[in-house]
Amino acid sequence: MDPNTVKPESLAAQSLGWVDPITKAISPAIHASTTFIRDADNQYRNGRSYARADNPAFDQAEQLIAQLERGAQGALFASGMAAATAVFQALAPGDHVIAPKVMYWSLRNWLMNFATQWGLKIELVDMADPAAVRSALQAGRTKLVWIETPANPLWTVTDIAATAALAHAAGARVAVDSTVATPVLTRPLELGADLVMHAATKYLNGHSDLIAGVLVTKADDEFWKRVKTVRAQIGGTLGSFESWLLLRGMRTLYLRVRTASASAQRIAEHFAQHRHVETVLYPGLRDAPGHAVAARQMHGGFGGMLSVRTKGGEAAAIATAAHVQVWKRATSLGGTESLIEHRASVEGAGTPAPPDLLRLSVGIEHVDDLIADLEQALVRAHG
Ligand SMILES: Cc1ncc(COP(=O)(O)O)c(C=O)c1O
């Protein structure tokens, strides 16, 4: 199978069409070895010496995700956080970094604490507003612009192409946390980004049974080498079995993401005018602030994540979550099962999540069951 001519759905379904040359197996063996033979003349011609730095168990998953993102190379990490923080750790103390005000809270916390203590100058900006990005950029001093789109938990949309053009003009790299969009809906490298990051824990694996992260680079350049060195030396390395699980999960990526997106669109439209709902936040809604940009850079759907702000404030939101039966009350996203959570309770002080907000991760159950269950939960919560 020629990866340059077949469609990405086919690449994912067949894990690049790989067949084991010795056993003819279509699912790869799990390489558990942590160490590799050195040649008799003291060289490592095979390219591998120790599995903290690199491991044949990574090869197919890294190649597949790189191909789906149209990048030069991929690198697996032990978690989404390990992948994201490797990018920041490849910078140097004193570097200026622009990141979104609305973003995955744990990474924002790490940036404002550890990364700041280590010497990065982190500036949080409203990334939905290109003018704000333009005025925050410091030519020659800003080294990285971090984008998350759609961004947790308000699903704010950032224009990747416009932001990348501004960043590049100032000499800064652009990295995109594309966990929610996935390569099924958006390919940030084609829009001008230099790096793409995924919490592979979410849609890429898709079954809520693995913590993993991945980076894909547009170019195999010096910065990418630094990122790989961070992985090898700090040790945020994925295990062999986990790499195998991730590859298996990615086989169904396109089916899962498309089903979740179509259902999320129906759920958003259904509850947007509901008597117990204040507002629904979802980029697929025509009147959503980021809809026009999302429609340009997302193809085939607007993702499986949305938030519902209930009437009746925090108490009504928590009571609604208490009454669901099909939806599962849990954090995380991107699995086959639909999840609901009171986001402000998860994020704590400083969260941009309003107290009446429920974050929904739509899975692949029948959409009628999801709508009926949320409907009865809202009605019971509002007594
Ligand atoms: C958008 C986003 N980025 C990054 C992460 C971090 O991923 P992980 O939990 O695998 O470290 C998450 C986790 O929830 C996320 O939702």
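Counting convention: from 1, in listed order, for ligands and their atoms alike. For clarity, every value in this text was computed on a predicted model and none was experimentally measured.
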Hey, can you pull the donor-acceptor pairs under 3.5 Å for the side chains in residues 273-284, sequence neighbours left out?
unit_1 : atom_1 : unit_2 : atom_2 : d
His274 : ND1    : His276 : N      : 3.0
His274 : NE2    : Glu375 : OE2    : 2.8
Tyr282 : OH     : Gly303 : O      : 2.6

Pairs under 3.5 Å, N/O atoms on ligand 1 and on the protein: can you put them in a table with the distances?
unit_1   : atom_1 : unit_2 : atom_2 : d
ligand 1 : 3 (N)  : Asp177 : OD2    : 2.7
ligand 1 : 10 (O) : Gly80  : N      : 2.8
ligand 1 : 10 (O) : Thr201 : OG1    : 2.6
ligand 1 : 11 (O) : Gly80  : N      : 3.1
ligand 1 : 11 (O) : Met81  : N      : 2.8
ligand 1 : 14 (O) : Lys202 : NZ     : 2.9
ligand 1 : 16 (O) : Asn152 : ND2    : 3.4

Using salt bridge (charged side-chain N to carboxylate O under 4.0 Å, His left out), reason through Glu69 and Arg187 one step at a time and then give a plain yes or no. CA-CA 6 Å; Glu69 290 288 7; Arg187 286 200 293 266; over 6 Å; no
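- Atom CZ of Arg48 sits in a crowded spot, with more than 12 heavy atoms from other residues, nucleotides or ligands closer than 6.0 Å.
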Given side-chain contact (heavy atoms from CB on, under 4.5 Å), test Val346 with Arg343 step by step and report yes or no. CA-CA 5 Å; Val346 175; Arg343 193 63 192 167; 3.8 Å; yes
Check the pair Asp194 / His168 against side-chain contact (heavy atoms from CB on, under 4.5 Å), numbers first and verdict last. CA-CA 10 Å; Asp194 303 287; His168 289 160; 2.8 Å; yes
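- Judged by the 6.0 Å distance and 45° axis criteria, Arg256 is not positioned over the aromatic ring of Tyr203.
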